[in-house]
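None of the values given here were measured: they were computed from a predicted structure. Atoms considered below: every heavy atom in the structure, side chains included; atoms not considered: hydrogens, waters and symmetry mates.
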Amino acid sequence: MIRTHRCGELQKAHVGQTVTLSGWVDGRRDHGGILFVDLRDRQGLTQIVFDSEEQPAAHQIASHVRNEYVIEISGTITLRPDDSVNPHLPTGEIEVRATTITILNEAKPLPFTVEDDVQASESIRMKYRYLDLRRPKMQGLLALRSHASQQIRNVLHSKGFVEIETPILTKSTPEGARDYLVPSRVNPSEFFALPQSPQLFKQLLMVGGVDRYFQIARCFRDEDLRLDRQPEFTQIDLELSFVEQEEILTLTEHLIRDVFYHTKGIQLQDSFPRYTYDEVMARYGTDKPDLRFALPLENLSEFSQSSDFKVFRTTVETGGMVKGLVIKGGAAFTRSRVDHFVDIAKDFGAKGLAWVKILENWKLDSVIAKFLNAETLQRFLPNAEPGDLLLCVADTPTIVHQVLGRLRTYFGEELTLIQTDNWAPLWVLDFPMFEYDDASGRYISLHHPFTSPARDSIPLLDTAPLNVRAQAYDLVLNGFELGGGSLRIHSATLQQHVFDLLGIQKDEAREKFGFLLEALELGAPPHGGIALGLDRLMMLLGKTESIRDVIPFPKTQKAQCPLTEAPSPVDPSQLQDLFIQSTWKSTDS
RNA sequence: GGGGCCGUCGUUCAGCCAGGUUAGGACGCCAGAUUGUCAAUCUGGAAGUCGCGGGUUCAAAUCCCGUCGGCCCCGCCA
C-alpha cells in the first residue's frame, strides 16, 4: 500500500488514524532529536514528524532525506501542540508521527526550488518543465483547464452536439497561415499538411447530416509566436446546421458564461455587448478593444476642418481624419513625459502627435494653441475638462486608428486605467468581407474564403467588393481575440463566385477545393459555426502572463521545445525513405 | 526580415555608465551542532569559461564589432 490518503486532505477528524502517505519532500527542518518533513503531493502539504526517541530507525533514515526525494511514510495522525499550529496551512492543525519511512527515489539538488513564487527565469523553468509543473500553481492551471474542457463537453452535449475527431494529416490549402507539412512515404514528393483548423471537415460534417458538431481540436500554424500565439494550439471548434447568426452568438455566450461560472465562480453578464466592426474601429482603433477601461477615440475631424491649424485642416480636406485621446489629469505631466508620448506615437507609425494641455477656464497650453479655438474645441470634447491632456493624430484613417488604438492600450497599462478584476467580453459584428492587399494586388478574405456575405450585400460583390459585409463575428475578451466564426457559403455557385473574386483560378479552386464545391452541390444545408481559442481562454481565466503558462509543454519564440530540443536533425535514412533532401546551406559554408 | 530589453557560481541579482584588489550578496548545496520547527536557527565550507568569438588596451565582466540564446513588439497569423 503506497498510500491510504493524500497530503492536503488530512484534517482534525483524521486524528488517531494510522495512515500511509507518499509524495515529494517539500522541505526539511532538522532539529537534531526531532526532524520535520513537509510532504507534498498534488493535493497539498502535510507535516511529518520524525522523533529519534520514539522511532530511532525512521528518524535515522529521514535524516538522509533531501528536497524532492520521493518517499513513503506511515504513522499516526496527531493534533499539533497548541503553540505549534500553522494557520497558513490547510493541514496546519495536525501532523503525522512517522513510524516507518521508505525512500522511493532520491533526487539530486534541483536547478530551482519548487515553490509558487519561483525565482527561476522562464527559460530555466521550461527546460525543466516537469519540475515547474510540480508547483501548486501549475497544478492548479492544469486542473483548471481540465475542468474547463469537461464543462465545455457538458454544455455542448446537453445542447445536442456530437464530438467528432477530424484528420490531423490533411490537405494543404492556399491562403491563410503557413502550413506545417508532413511528407508522405508511400506517395513520393507529396505532402500532408497539419490542419490550421478543422474548417473544411466541419463543413463537410454538416453536409454529412451531423447537424451539430464540436471538437476540442489541435491546430497548427507555422507563423511567428507571440505571448498569446503558439504554433500548435487548441480550438473549441463547433458548427451547426440550419442556424442563424443569433443562435450561434447566444450559444457561445452560454458556453463561455458556464465555463466561467463552473470553473471559477465568475458571473459574466447575461448577454455580451455587440459592436459593429466600424464602431470598434472608430471608437477604439482596433477590432479587439479592451473594454475594461473607457478612453475612447475622440473624433476631431469636423473641428479640424474649421481650425486654423493647417496640418489638421489639410489632412481632413484630403480624405484623412483627426482623432484624439483625452488623458484625464494629463495636463500635470511634465514636458519630457509628454515628449515621450510623442516618441511612442512615432514608433506606432504616426508622423507626429499633437498635444494640448487644458488648463483652468479652458485656457490651452500647446505649441499649436494659437491655431485652436478653445470654445469650439470644448464643444467637440464634451468629456474633457480643465486638467486634462489632449493627444491628437492627423493622418489616414488606417494610421490614425492604428496609432491611437495602440496608444490607448499603452495608456491603459501605463496609467493603470485597467480594472484588472473586471471581465469585458464583447462581440464584433459586420466585418468587411474583403480587404485589398497592396502587396499581391488583389482582394483577400478578412475572415476566410468560406464566409458567407450578408444577403443584402451580395449585389455588391461585383460592384464594390470592399463594401461587402460578411456574416462573421469575433468574440473579444479583455483585449484578446477569443475566437471568431461565420455563417458559411452553402451554395457552390456563390462559393465559386467568391473564389473568383479572391483571384483563385478555376483550376486551382477545382484542385484545392473541388471536394468542397462538389459537396456544396450535393445537398449542403445552411450552416455556420465558431472557433474559440482554448489556450487564450485559459490564459485569461487563469490570470496568467502568457499562453505558455496554460500549455504544459510550450514552444519558445523560435518555435523550439526547450525540454526535448525539438525540432532536430533526423537520420539520413529517414529522409531517404521519404525521398527528401535538404536544400539548406548554412551561412558559414 | 526589422526594433527593443536581457544573458555574471545550481538559482536569482549587484558590479559595467567612469577598464585596474582574490568578481560580491541572497537562496540553494556540503559538513558539523541542534527535541517543536514550518522562509527553522547557529558555525564552517565548496561552488564562476562573467553566453560565445573577435577587436581596442600594459590591463576587459566592464569599451567596440559580430554572433548565439530567452522574452516583448512590428511584419506575418484566411
Quiz item: Roughly, in whole Å, what's the span from NZ in Lys555(A) to C1' in rG70(B)?
Solution: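 Computing the Lys555(A):NZ to rG70(B):C1' distance gives 17 Å.
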Quiz prompt | Gap between atoms CD and P, on Glu115(A) and rU12(B) respectively (whole Å) | solution =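 Computing the Glu115(A):CD to rU12(B):P distance gives 12 Å.
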Taking the [atom1] atom in each of [N] and [M], what is the distance between them to the nearest angstrom?
N	M	atom1	value
rU41(B)	rU22(B)	C1'	31 Å
rG15(B)	rC68(B)	C1'	24 Å
rA61(B)	rG24(B)	P	14 Å
rC29(B)	rC9(B)	C1'	11 Å
rG25(B)	rG32(B)	P	24 Å
rG19(B)	rC58(B)	P	15 Å
rG28(B)	rU12(B)	C1'	10 Å

For [N], what is the paired nucleotide under Watson-Crick or G-U wobble rules, both distances under 3.5 Å?
N	answer
rU11(B)	rA26(B)
rG75(B)	none
rA61(B)	none
rC50(B)	none
rC38(B)	none
rU21(B)	none

Quiz item: Between Gln560(A) and rG70(B), does any side-chain N or O lie under 4.0 Å from OP1 or OP2?
Solution: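 Yes, within the criterion.
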Quiz item: Any Lys/Arg nitrogen of Arg135(A) or Glu115(A) sitting under 4.0 Å from an Asp/Glu carboxylate oxygen of the other?
Solution: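 Here Arg135(A) does not pair with Glu115(A) in a salt bridge, since their nearest N and O are not under 4.0 Å apart.
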Quiz item: Taking NZ, NE, NH1 and NH2 as the nitrogens, is one of them in Lys108(A) or Glu68(A) under 4.0 Å from a carboxylate oxygen of the other?
Solution: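 Looking at Glu68(A) together with Lys108(A), the answer is no, because their closest N to O distance does not fall below 4.0 Å.
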Quiz item: Within a reach of under 6.0 Å around CD of Glu518(A), are more than 12 heavy atoms found that belong to other residues, nucleotides or ligands?
Solution: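 Count not over threshold, so no.
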Quiz item: Hey, is CG on Asp82(A) packed in by over 12 heavy atoms from elsewhere, all under 6.0 Å?
Solution: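 At most 12 heavy atoms, drawn from other residues, nucleotides or ligands, come within 6.0 Å of this atom.
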Heavy atoms only, 4.0 Å cut-off, all strands: where does [X] land among base, sugar-phosphate and nothing?
X	answer
Ser84(A)	base
Thr451(A)	nothing
Asn67(A)	sugar-phosphate

Quiz item: Less than 3.5 Å between a donor and an acceptor, one on the side chain of Gln119(A) and one on the base of rG10(B), is that the case here?
Solution: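 Counting by modelled atom types and ignoring angles, no donor-acceptor contact under 3.5 Å is found here.
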Practice problem: With the side chain counted from C-beta on, respond yes when Phe50(A) and Ile61(A) share a heavy-atom pair under 4.5 Å apart, and no when they do not. | Solution: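 No. Closest side-chain heavy atoms not under 4.5 Å.
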